Amino acid sequence: FIRFRIRPLSSLQAGKKIKNKSFIYFDFNNAVHTNNVTTTIIDCNTSFAFINYSSQNFCFGDSVNATATLSYPSSVAWYVDSVFVSSSQSIFLNLPIGSHQIKLTATNAYCTQDVISNITINPLPLKPVITQSLALLTSSASTGNQWYMNGNIIAGATNISYTVTLDGWYFVEVTDSNGCTNVSDSIYLMVSSVAENQNSDD
């Protein structure tokens, strides 16, 4: 057999792939070529592992989806708050409210790299409560309201109160400054019944 070394050019960049094969000659016979080999230039001082999240904002009850993006083929290990959880490319987590450390350890034949990030699981806003005065519905939340009828958004209905004009099921969704939401119980209103009650009061 033949053993040899090749010093790479200093101009080669990390991630560069070099393909190679050899041809063997016996006397005057046709050449016999070896298998193809691909060599990837790796720089252990350059980041080659990254964490990508499905979202940048997490609320209680959300599934945290994190995926390892690798510049070179590597094995991975995930740790949440210093506890090993998985060696898969992607992880799905349901975490309690508070701050959490996510660590990705990527390892290949030449390098090991740790990528650490911190995420926060935000609490949901208080569940809003609807009070009714005839056809007027009012949310217990002063801001962040969005009114719905029969499960559909009522366009432009974002004030603390909403006046019902059609029969149906109504609820209000509240969104806080973290982008987290909570919804009230539904309430059914019949406009004709409300009008009758209003006329009887007169």
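Below, each value reflects all heavy atoms present in this structure, side chains not excepted, and no hydrogens, waters or symmetry copies. Treat the numbers as computed from the prediction; the structure is a model and nothing was measured. One is the number of the first residue; the rest follow in order along the sequence.
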With heavy-atom distances below 4.5 Å as the criterion, would you say the side chains of [X] and [Y] are in contact?
{"X": "S63", "Y": "F58", "value": "no"}
{"X": "I116", "Y": "Q101", "value": "yes"}
{"X": "Q132", "Y": "L189", "value": "yes"}
{"X": "T131", "Y": "L137", "value": "no"}
{"X": "K127", "Y": "D185", "value": "yes"}

Can you measure from [atom1] ([X]) to [atom2] ([Y]) and round to the nearest 0.5 angstrom?
{"X": "K103", "Y": "D81", "atom1": "NZ", "atom2": "CG", "value": "11.5 Å"}
{"X": "Y79", "Y": "I91", "atom1": "OH", "atom2": "CD1", "value": "12.0 Å"}
{"X": "Q146", "Y": "T181", "atom1": "CD", "atom2": "OG1", "value": "11.5 Å"}
{"X": "Q89", "Y": "L104", "atom1": "CD", "atom2": "CG", "value": "8.5 Å"}
{"X": "W169", "Y": "S186", "atom1": "CH2", "atom2": "OG", "value": "7.0 Å"}
{"X": "N122", "Y": "D176", "atom1": "CG", "atom2": "CG", "value": "7.0 Å"}

Counting distance only, does the side-chain N/O of [X] pair as donor-acceptor with the main-chain N or O of [Y] below 3.5 Å?
{"X": "N35", "Y": "K21", "answer": "no"}
{"X": "S47", "Y": "A49", "answer": "no"}
{"X": "S74", "Y": "A106", "answer": "no"}
{"X": "D27", "Y": "N29", "answer": "no"}
{"X": "D167", "Y": "V191", "answer": "yes"}

Please determine whether residues [X] and [Y] belong to a single hydrophobic cluster, defined as Ile, Leu, Val, Met, Phe, Trp and Tyr linked transitively by side-chain heavy-atom distances below 4.5 Å.
{"X": "V115", "Y": "Y72", "answer": "no"}
{"X": "Y110", "Y": "F48", "answer": "yes"}
{"X": "F92", "Y": "I97", "answer": "no"}
{"X": "L126", "Y": "I187", "answer": "no"}
{"X": "L93", "Y": "V83", "answer": "no"}

Under 3.5 Å, which donor-acceptor pairs link side chains of residues 152-162 to any protein atom two or more places apart or in another chain?
residue, atom, partner, partner atom, Å
S161, OG, T138, OG1, 3.0

I'd like to check the ring pair (Phe, Tyr, Trp, His ring centres under 6.0 Å) partners of [X]; sequence neighbours left out, ordered by chain and number.
{"X": "F50", "result": "none"}
{"X": "Y25", "result": "none"}
{"X": "F171", "result": "Y148"}

Which atom pair, heavy atoms only, marks the closest approach of [X] to [Y]?
{"X": "I130", "Y": "S184", "answer": "CD1-OG, 3.3 Å"}
{"X": "G168", "Y": "N150", "answer": "CA-OD1, 3.6 Å"}
{"X": "N182", "Y": "L124", "answer": "ND2-CB, 4.3 Å"}
{"X": "L12", "Y": "P8", "answer": "CD1-CB, 3.7 Å"}

Inset, instruction - Decide yes or no on side chain to side chain contact (heavy atoms under 4.5 Å, CB included) for W78 and V76, but give the supporting numbers first. - result: CA-CA 7 Å; W78 294 94; V76 301; 4.2 Å; yes
Legend entry - From N65, T67, T69, residue fulfilling side chain to side chain donor-acceptor pair (under 3.5 Å) relative to N52: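 Testing each of N65, T67, T69 against N52, the sole residue satisfying side chain to side chain donor-acceptor pair (under 3.5 Å) is T69.
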Inset, instruction - Return each pair, listed once, that meets disulfide bond (SG atoms under 2.5 Å apart) where at least one residue sits in residues 44-91; pairs must be two or more places apart or across chains. - result: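 Matches after skipping sequence neighbours: C44-C111, C59-C180.
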Legend entry - Worked verdict on I121 versus V64 for side chain to side chain contact (heavy atoms under 4.5 Å, CB included): CA-CA 9 Å; I121 306 299; V64 178; 3.9 Å; yes
Legend entry - Partners meeting side-chain contact (heavy atoms from CB on, under 4.5 Å) with S22 (sequence neighbours left out):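 Listed in chain order: T34.
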Inset, instruction - Take T105 and Q113, measure what side chain to side chain contact (heavy atoms under 4.5 Å, CB included) needs, and give me the verdict at the end. - result: CA-CA 6 Å; T105 298; Q113 190 170 100; over 6 Å; no
Inset, instruction - Could you go through the side chain to side chain contact (heavy atoms under 4.5 Å, CB included) check for M149 and L166 one step at a time? - result: CA-CA 9 Å; M149 184 187 78; L166 297 172; 4.0 Å; yes
